[in-house]
Amino acid sequence: MALPPPLPPGSTIGILGGGQLGRMTALAAARLGYRCVVYSPEAHAIGGDVAVAHVQADYGDMAALARFAAQVDVITYEFENVPEATVEACQRHKPVRPGVRAIHVAQHRLREKAFFRELGLATADYQAIASEADIAAATALPGILKTCTEGYDGKGQVRVADRAALAAGWAALGRRGCILEALVDFTAETSVIVARGLDGETRCFPIGRNDHRDGILRTTMVPSGLPAATVATAERYGIALARGLDLVGLVALELFVARDGSVLANEMAPRPHNSGHWTLDACATSQFEQLVRAVCGLPLGPTDMLFPSRMENLIGHEADDWLRYLADPAARLHLYGKTSARPGRKMGHVTFVPAAAPSRSTT
Ligand code: ATP
Ligand code: MG
């Protein structure tokens, strides 16, 4: 089947979701001469601040979705908890890239783990916890109990040392459908971000080393310093996943490097990923530009690391130090324009690069 022609500059990209990932995508799109329209339910969407329009409506509002689709040439999403029905409705009007399949898998932790295994990706031992009987039969202990749906930034998770803690944890999570994952004794966390174009070409970004605190990503360091064999496995896993989902766009796969050297798939996100923010300042193509290229059917960009970097998230009031970062020649500051710095909220990030490093042009 012939490929659809590339969408030329001047075309409009619709983005489902109003957060920082969509915002940075819209900025990258603008640089290449594309326009973005953001669709999200909030009155103020930080993605909408840098787009040509913000359609403010619920994800279930079919008339608003149709109006949105009529204004755009292609649709993408910046977070994976957009309801499947919303994506399906959009697909009836315009191409949605990545499609509904990636959302379907990513929205449910059990489905996601089973899908990884089907593709030959190793994971921690896991089991479904949906009843007292499941608790009695559980073997993946000590472990982490996670709700199957709606978790992010470590929310909806409890560490459980033994069966009694598992029972208490399940009650604390509201006896919802959960997954129990064996606790991985990891030496490092990393993630691979893979772009896949309309023609099926795949490109991986260099992998970084991710450090989390309280379930939230704090820093990503690139290069990761991980052995070549680990990098190769990460890339093989990422490419298998992008192909397995048949996606056009980006997928990020979070990975554990276990003490025995094995690489285990944790979870995926079919969108730009926080661990790829360093690419804005230290990579030949940013992950956001790569997403724009993929969804518009353009050639994918080179993913060479330009220089080493360390990305730090600015969480809550950490972003109040903006003046200090601006005064630091090694710091590249990105603020998301969020109005209230609630604890745990990602307000921006800063990427530290070698002091003499040239600036990547972002506008
Ligand atoms: P995020 O949105 O930040 O990716 P999340 O809420 O989707 O987080 P996970 O990625 O599953 O949750 O877990 C958050 C962090 O908790 C992981 O990055 C890791 O540090 C730790 N963690 C999760 N699962 C395990 C596990 N099975 N063994 C050891 N640590 C784990
Ligand atoms: Mg995660």
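Both ligands and their constituent atoms are indexed starting at 1 by order of listing. Positions are given from 1 along the sequence.
- With Asn210 as the partner, the side chain to side chain donor-acceptor pair (under 3.5 Å) test is satisfied by one option alone out of Asn274, Thr220, Thr219: Thr220.
- Chaining together hydrophobic side chains whose heavy atoms lie under 4.5 Å apart places Leu306 alongside Phe307, Val353.
- Residue Ala124 places no heavy atom under 4.0 Å from ligand 1.
- Only side-chain heavy atoms of Asn266 come within less than 4.0 Å of ligand 1; its backbone N, CA, C and O stay farther off.
- Residues Val192 and Leu264 do not share a hydrophobic cluster, clusters being chains of Ile/Leu/Val/Met/Phe/Trp/Tyr side chains in contact below 4.5 Å.
- Computed with the Mg ion (ligand 2) at the centre, the Glu267 OE2 to Glu254 OE1 angle is 100°, stated to 10 degrees.
- The presence of a protein heavy atom under 4.0 Å from atom 23 (C) of ligand 1 is confirmed.
- Using a non-hydrogen distance threshold of 4.0 Å, Tyr126 does not register as a contact of ligand 1.
- Asp214 CG: 12 or fewer foreign heavy atoms inside a 6.0 Å radius.
- None of Glu181, Lys113, Arg117 except one satisfies the side chain to side chain donor-acceptor pair (under 3.5 Å) rule with Thr123; the exception is Arg117.
- In this structure, His334 and His349 have parallel ring planes: the angle between them is below the 30° cut-off, well short of the 60° mark.
- Remark: ligand 1 and Val184 share an N or O pair separated by less than 3.5 Å (distance only, no angle test).
- The part of Ala182 lying near ligand 1 is the backbone, judged by heavy-atom distances below 4.0 Å.
- Of the heavy atoms in Arg109, only side-chain atoms (C-beta onward) come closer than 4.0 Å to ligand 1.
- With a heavy-atom cut-off of 4.0 Å, Leu183 touches ligand 1 through backbone and side chain alike.
- His277 and Tyr336 have perpendicular rings, their planes meeting at more than 60° on a 0 to 90° scale where under 30° would count as parallel.
- Among the atoms of Arg159, none of the N or O lies under 3.5 angstrom from an N or O of ligand 1.
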